[in-house]
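This report concerns only the one structure given below.
If you read the sequence from its start, that first residue is 1, and numbering goes on from there. In this text, all values refer to a predicted model and were calculated from it rather than measured experimentally. Start at 1 and go down the list; that is how both ligands and their atoms are numbered.
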Amino acid sequence: MDLSIDRNYKKVMNEIDSYCNLFNRKRESVKLIVVTKSQPSEKIEQAIAAGARFLGENYPEETIEKKNELSNLPEDLEWHMIGHLQSRKSQLVINEFTMMQSLDSVKLAKRLDRQLKASNKKLPVLLQFNVGGEDSKYGWNASEENNWSSFIDEMVEVMNCSNLIVQGLMTMPPFTIIEAESRTYFRRLRDLGEYLQSRFPELSISEYSMGTSHDFKMAIAEGATMIRIGTAIMGSREK
Ligand SMILES: *Cc1c(COP(=O)(O)O)cnc(C)c1O
């Protein structure tokens, strides 16, 4: 049996431990989401055997296919949707996922809310923001701090969706290996969270999903509560 996923998982867990020490973070305040998009179910099985309990997926149909191939899943296993979702697939997320991390439009929020009400369910969500303002990234554009008030009206509409439980923010910043740059983007998401918390005191913004294989150290430094690690644990992706 190939042990590389087990080894990678332990290595990343050790790194999380040491960064939590370094930046005075409580270890239990940082959750590891193992990103399994475009990975076959055999490798997902190995990740679960290594200890993974939070899995991040980007394409709901692919997730359903893989779930059908997996058996004896641990009771406490959670599936988190982290990719851009076309609204017409919203019901799949309600049926298959524990959390929707990539809520990026009012349209999607309203559709999810309507379907949740119909089935008498609630769904924890994170609001996705585009902290670098890149065209290729999803989420509300939060690259200019003095423009943040421009999406307040849309935030109100999302918060009126009473079957969505807004728990925090998520971002996918521009790629950089320069730590100071990563840090600026992650800090921006934190600042935005504090801004929204002050505008909407009834909210409880406590989750920050940020940091991937190459930049999770700085994400932990800036307060990430969920880091989303794919290749560093699962190896390179198919397709
Ligand atoms: C693929 C993906 C990740 C994981 O990236 P790695 O570089 O493989 O760690 C994290 N977040 C999102 C939203 C992704 O699409």
- Task: With heavy atoms only and a cut-off of under 4.0 Å, state how Met172 meets ligand 1: side chain, backbone, both or neither.
- Result: side chain
- Polar atom proximity, Gly230 to ligand 1 (N or O, under 3.5 Å): yes
- Should you measure from each heavy atom of Arg237, which atoms of ligand 1 turn up under 4.0 Å away? 1 (C), 8 (O)
- Residues Glu222, Arg190: salt bridge by 4.0 Å N-O rule: no
- Message: Tell me whether Gln101 reaches ligand 1 (any heavy atom closer than 4.0 angstrom to a ligand atom).
- Response: no
- Exercise: do Thr225 and Glu207 side chains pair donor with acceptor under 3.5 Å: yes
- Report, as yes or no, whether the 6.0 Å neighbourhood of atom CG on Asn72 holds more than 12 heavy atoms from other residues, nucleotides or ligands. no
- Message: Testing the basics here: between Arg25 and Ile220, what is the closest heavy-atom pair and its distance to 0.1 Å?
- Response: NH1-O, 2.9 Å
- Message: Please list, in number order, the atoms of ligand 1 under 4.0 Å from a heavy atom of Ile82.
- Response: 11 (N), 12 (C), 13 (C), 14 (C)
- For the residue pair Ser41 and Glu69, confirm or rule out a side-chain donor-acceptor distance under 3.5 Å. yes
- What protein heavy atom sits nearest atom 9 (O) of ligand 1, and how far off is it? Ser213 OG, 2.5 Å
- Message: So if I apply the salt bridge (Lys or Arg N to Asp or Glu O under 4.0 Å) rule between Lys66 and each of Glu45, Glu57, Glu42, which one comes out positive?
- Response: Glu57
- Message: Checking contacts here: is it the side chain or the backbone of Ile229 that comes within 4.0 Å of ligand 1, counting heavy atoms only? Could be both or neither.
- Response: backbone
- Specify side chain, backbone, both or neither for Lys37, according to which of its non-hydrogen atoms lie closer than 4.0 Å to ligand 1. side chain
- Query: Quick one: are the ring centres of Phe216 and Tyr19 less than 6.0 Å apart?
  - Reply: yes
- Query: Is it true that Lys110 and Glu157 make a salt bridge, defined as a side-chain N closer than 4.0 Å to a carboxylate O?
  - Reply: yes
- Message: Taking 4.0 Å as the limit for heavy-atom contacts, which would you say applies to His214 with ligand 1: side chain only, backbone only, both, or neither?
- Response: neither
- Task: Name the closest protein heavy atom to atom 10 (C) of ligand 1, giving the residue it belongs to and the distance to 0.1 Å.
- Result: Thr212 CG2, 3.4 Å
- Query: Please state which protein non-hydrogen atom is closest to atom 11 (N) of ligand 1 and give its distance, to 0.1 Å?
  - Reply: Arg228 NE, 2.8 Å
